[in-house]
Amino acid sequence: MTTATLDTPLAGAYVHPVRDHADADEFLDWLRCPRRVLAVDTETTGLNYFDEVRLVQVGDASDAWVLDPSRHDWLIEQALRGSRRLVAHNAPFDLCHLARVIGSSAAEHLELVEDLGRKTFDTALLSHLLDPRDRSQGGIGHALKDLARHYVDSAAPDGQEVLKDRFRELGLTMSTGWAEIDRWDPDYVRYAGLDAIITTRLFDAILPKVLARGHEDLVEFEHQVQRATTAMTVRGMAVDRHYADQLALELDEERRGAEAEAATYGVDNVNSTAQVAEALTARGITLTEVTPSGQAKVDRAVLEALDDPLAQAVLEAKTASKALTSWVTPILDAANRDGRCHPRIRTLAARTGRMSISGPPLQQLPARDHRVRSCLIAEPGEVLISVDFSQVELRVLAALSCDPRLMGAFDAGLDIHSATAATIFGPEFTAAHRQVAKAVAFGIVYGGGAATLARQAGVDRLVAEEAILKFNRAYPKVRSWSKGLTSSLAWGSEPFLKTPTGRRIPVDTGTEYRSVNYIIQSTARDVFAGALLQLRAAGLDHYVRLPVHDEVVCSVPAPWAEEIGAEIALVMSGTLGGVPIVADFEVCGARWGDKYAPKD
DNA sequence: ACTAGGAGCGCG
DNA sequence: AAAGCGCGCTCCTAGT
């Protein structure tokens with residue numbers, strides 16, 4: 001007697017729960033049929049690394065089999081190891097969880113994500129190559145449902161919606177439902193299985209599109225990059241929990257003190273901008289800046305400029321609570337199982353292809369206050385080092401624009417901002433001149449104007465205009481190249497850029513000026529991603545703990561820190577379009593924050 | 001109870 | 001002529 005197959009709202013899609021021996025036999029028969037790819041998906045109690053796997057689904061375009069990992073881990077292992085090709089949507093999540101279903105030690109988990117990863121396609125990567133924008137940016141989005149509706153079937157069911165209703169029926173919520181719903185609830189199983197079927201159909205629909213666009217090399221490249229970062233997730237980064245606990249107490253004290261101070265001025269919630277604005281106004285302060293929606297602006301810059309005790313207290317309270325709620329507490333939560341953070345690393349997150357890290361957001365820890373970074377530590381007997389590209393975006397600008405003077409400066413190994421200052425202001429330039437030169441370069445890279453430059457560099461508007469003019473004269477091809485770039489956008493219904501690696505970046509109409517930044521940022525990202533693969537090829541990737549846009553954070557044996565740092569920097573270095581790309585390393589110490597700590 | 005958008009803030 | 005770019009996350013507020 002086999003368990004009944006479940007019908008689905010999707011035509012020709014059938015879901016088979018695997019509950020008894022007969023089901024398992026049927027599944028094994030099905031598994032023996034040849035198919036190009038096997039789709040895999042998991043249902044878990046939550047989105048965190050150590051959350052429990054409740055169901056594992058494998059399927060093709062018409063059938064999905066839903067398995068209980070606590071009972072049929074051997075079947076799951078057989079299906080995964082026996083398949084030539086796998087496909088998953090956001091594969092790192094599923095592979096990490098599947099590795100923990102099948103493997104029993106951290107070393108085995110690593111080996112499993114490597115072995116399975118080598119034969120896995122990720123539809124989220126393919127989708128990003130076709131259109132990198134998420135829904136809020138006017139794109140299709142990258143959720144399985146969004147993609148299925150766009151590329152497969154406009155009537156594709158929304159499992160999340162159905163399950164939300166089902167949870168409610170059962171007295172559960174979206175936060176408790178995933179962990180508490182009965183494993184064999186028919187709706188839960190039906191939509192779990194359906195996701196594997198939809199993933200297969202999505203893959204079948206978009207791989208040909210990606211290849212037709214000539215992205216074959218990028219497909220391979222991105223999957224390799226993803227494998228490199230998934231290994232980083234599995235290895236994780238060690239946390240000093242005792243130190244972090246202490247820091248949490250310290251920050252909480254700071255927050256409470258500053259909040260009490262703010263309360264004496266009538267502000268009982270420092271996070272309410274409306275309340276802060278009102279209290280400041282009551283003190284006779286006129287707030288001049290406004291937000292896009294017209295409210296009074298009370299951000300850090302505004303408050304600092306006020307030099308007012310209330311503003312001071314609000315700043316202190318917000319800084320402390322931000323550190324606590326955004327970083328220290330999340331780091332402690334993430335590390336509560338094995339003392340390590342295993343963050344999610346999205347290798348293609350931004351429109352430009354830049355990576356993002358979440359859970360916790362380790363790319364965004366404060367650099368000025370070393371205390372938060374100090375929660376993260378090297379392996380026993382090791383030190384953390386950081387190896388970063390020097391001025392990589394400006395080097396990319398030089399390579400893309402082919403400006404002879406800019407290229408020449410990098411080729412000669414000059415300090416680029418000093419070189420620019422010398423050209424603009426003459427050989428007698430001052431430190432302030434260098435600052436202006438640096439700000440102009442940033443303005444070019446970000447597509448800013450004179451007004452922003454004036455504000456950022458703290459100079460007069462006329463001075464800013466003059467500096468930009470002189471920069472353009474110094475590096476004439478930078479200007480001609482950017483003009484050509486923005487005016488030559490592929491026009492059609494959707495204007496887009498093509499980067500040197502062939503990446504396609506949509507540019508919103510009306511914001512064409514962003515093209516320069518997009519292509520520079522995206523190219524720099526690809527240089528960085530390429531460096532990660534170089535490290536892997538050189539057998540140095542096992543040291544790497546995190547990618548941070550233009551820098552890798554590595555844990556290396558303390559006695560060899562200098563040697564390994566130099567080796568990693570060398571492997572990351574190279575050239576782009578004739579411009580040297582240079583990486584430098586710095587030894588932080590046992591704690592990441594040691595690099596930022598005041599020395600005495 | 002849950003969602004969406006704005007504001008703010010940390011990083012590169 | 002003018003336009004600073006890209007993220008993740010938390011808190012607040014208003015709306016359903």
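To find a chain, count down the sequence lines: A is the first, B the second, and so on, and within it residues start at 1.
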| query | In whole Å, what is the span from the CD atom of A:E304 to the P atom of B:dG10? | reply | 9 Å
| note | Atom CD1 of A:I468 and atom P of C:dA2 are separated, to the nearest Å, by 10 Å
| field | A:T273 side-chain N/O to C:dC12 phosphate OP1/OP2 under 4.0 Å | value | no
| query | Which ring-ring contact (aromatic ring centres under 6.0 Å, His included) pairs, counting each pair once, include a residue from residues 286-323 of chain A, with sequence neighbours left out? | reply | none
| Can a side chain N or O of A:N517 be found less than 4.0 Å away from OP1 or OP2 on C:dG6? | no
| task | Within residues 361-378 of chain A, find the residues that approach DNA chain B with a heavy atom at under 4.0 Å, and present them sorted by residue number. | result | A:Q363, A:Q364, A:L365, A:P366, A:A367, A:R368, A:R373
| said: Tell me if a side-chain donor or acceptor on A:E512 pairs with a main-chain N or O of A:G510 at a distance below 3.5 Å. | reply: yes
| Atom CG of A:L324 and atom P of C:dC9: how far apart are they, to the nearest Å? | 17 Å
| Would you say a side-chain N or O of A:S326 is under 4.0 Å from OP1 or OP2 of C:dT10? | no
| Candidates C:dG8, C:dC5, B:dA7 - which lies nearest the side chain of A:A349 | C:dG8
| request: Report yes if a side-chain nitrogen or oxygen of A:R461 is closer than 4.0 Å to either non-bridging phosphate oxygen (OP1 or OP2) of C:dA2; otherwise report no. | output: yes
| message | Nearest whole Å is fine: how far is C:dA1 C1' from A:E465 CD? | response | 11 Å
| Expressed in angstrom and rounded to an integer, what is the separation of A:N269 atom CG from B:dA7 atom P? | 17 Å
| Any idea which of B:dA1, B:dG10, C:dC12 is nearest the A:R300 side chain? | B:dG10
| note | Among C:dC12, B:dG6, B:dG8, the one nearest any side-chain atom of A:N271 is C:dC12
| said: From C-beta outward on A:R351, which listed nucleotide comes closest to its side chain: B:dG8, B:dC2, C:dG6? | reply: C:dG6
| For A:L469 and C:dA1, what is the distance between atoms CG and P respectively, to the nearest whole Å? | 13 Å
| Minimum-distance nucleotide (side-chain atoms of A:Y513 versus B:dA7, B:dG10, C:dA3) | C:dA3
| request: Consider the side chain of A:S356, meaning its heavy atoms from C-beta on, and name the nucleotide among C:dG8, B:dG6, C:dC12 that approaches it most closely. | output: C:dG8
| request: Would you indicate which nucleotide in C:dG6, B:dA7, B:dC9 comes nearest to any side-chain atom of A:K322? | output: B:dC9
| field | Pairwise distance CG(A:L247) to CG(A:D252) - rounded to 0.5 angstrom | value | 11.0 Å
| Do we get A:R340 above A:Y49's six-membered ring, with its NZ or CZ under 6.0 Å from the centre and within 45° of the axis? | no
| message | With a 4.0 Å cutoff (strictly under), does any side-chain N or O of A:R514 reach OP1 or OP2 of C:dC5? | response | yes
| field | Watson-Crick or G-U pairs under 3.5 Å in DNA chain C, rendered as dot-bracket with [ ] for crossing pairs and | for another strand | value | ....||||||||||||
| said: I want to check one thing: is the phosphate of B:dA7, taken as OP1 and OP2, less than 4.0 Å away from some side-chain N or O of A:T291? | reply: yes
